[in-house]
Amino acid sequence: MKIAINNLDDLRKFAVDFALRLRGGDVVGLIGDLGAGKTTFVQFLAAALGVQEEVKSPTFVLVREYIATEPTAFERNIRKLVHADAYRLEDEDELWAIGFADLVDDAETVTVVEWADRLPALKDRSTYHELRFEFDIGEKRIIDSSER
């Protein structure tokens, strides 16, 4: 399904709607060019899950963890949001070597990975959702959503 995003309000609304479909243990792969809106989407998604902290890009640290505080997230067994960025990885094994599997396998965590196309093993998960961010005309974006 393709969704047109015309402005930040559209992206925020999409993130809120998407957050309501997530459950603990879900993995979300984000794919798209630099500046396509991936990190901004994660910021809106985190807010929808009740994350109070400022969500920053994990590009240089690879992984950041946030505590979800929204009661509706608890109803869906979500206690934590893990935000990873595979952009700077030389090899997929780098991320797995630092214990990333433990985070992804946590049944109370939603894991979001930017540049997920660099981690092909993620697609093997039964709880994998993929969002492709594409540039459209001007500031507009298209998000192509595929879910299992």
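What you are looking at is a predicted structure, and each value in this text was computed from that prediction instead of being measured. Hydrogens, waters and symmetry mates play no part in the numbers below; they use all other heavy atoms, side chains included.
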Aromatic ring pairing His83/Tyr66, orientation class (parallel under 30°, perpendicular over 60°, tilted between): tilted

Whether Arg23 side chain and Ile78 backbone form a donor-acceptor pair below 3.5 Å: no

Check: Ala107 main-chain N/O paired with Asn77 side-chain donor or acceptor under 3.5 Å: yes

Value rounded to 0.5 Å, distance of CZ in Arg118 from CZ in Arg88: 10.0 Å

Main-chain N/O of Asp10 paired with Asn7 side-chain donor or acceptor, under 3.5 Å: yes

N/O donor-acceptor pair under 3.5 Å between Lys123 side chain and Tyr128 backbone: no

Side chains of Phe100 and Thr111 in contact at under 4.5 Å (non-hydrogen atoms): yes

Close side-chain approach of Leu119 to Val113, heavy-atom, < 4.5 Å: yes

Pair Phe14 + Phe41: ring centers closer than 6.0 Å: yes

Trp115 reachable from Val110 in the ILVMFWY side-chain graph, under 4.5 Å edges: no

Side chain proximity check, Met1 to Asp144, heavy atoms < 4.5 angstrom: no

Rounded distance [0.5 Å steps], OG1 in Thr109 versus CG in Leu81: 8.5 Å

Pairing residues for Ala47 by the side chain to side chain contact (heavy atoms under 4.5 Å, CB included) criterion, not counting sequence neighbours: none

Thr69 side-chain N/O to Gly50 backbone N/O, donor-acceptor pair under 3.5 Å: yes

CZ/Phe74: more than 12 non-hydrogen atoms of other groups inside 6.0 Å: yes

From Arg76 atom CZ to Leu22 atom CG, the distance as rounded to the nearest 0.5 Å: 7.0 Å

Tyr87 OH to Leu34 CG distance, which is reported to the nearest 0.5 Å: 4.5 Å

Nearest-0.5 Å distance, CZ of residue Arg141 to CG of residue Asn6: 11.0 Å

Non-hydrogen side-chain atoms of Val51 and Ile67 separated by less than 4.5 Å: no

Lys/Arg N to Asp/Glu carboxylate O, Lys80 vs Glu65, below 4.0 Å: yes

Residues Ser145 and Glu130: side-chain donor-acceptor under 3.5 angstrom: no

Arg132 side chain vs Leu30 backbone, donor-acceptor pair below 3.5 Å: no

Nearest-0.5 Å distance, CG of residue Leu62 to CG of residue Asp85: 7.5 Å

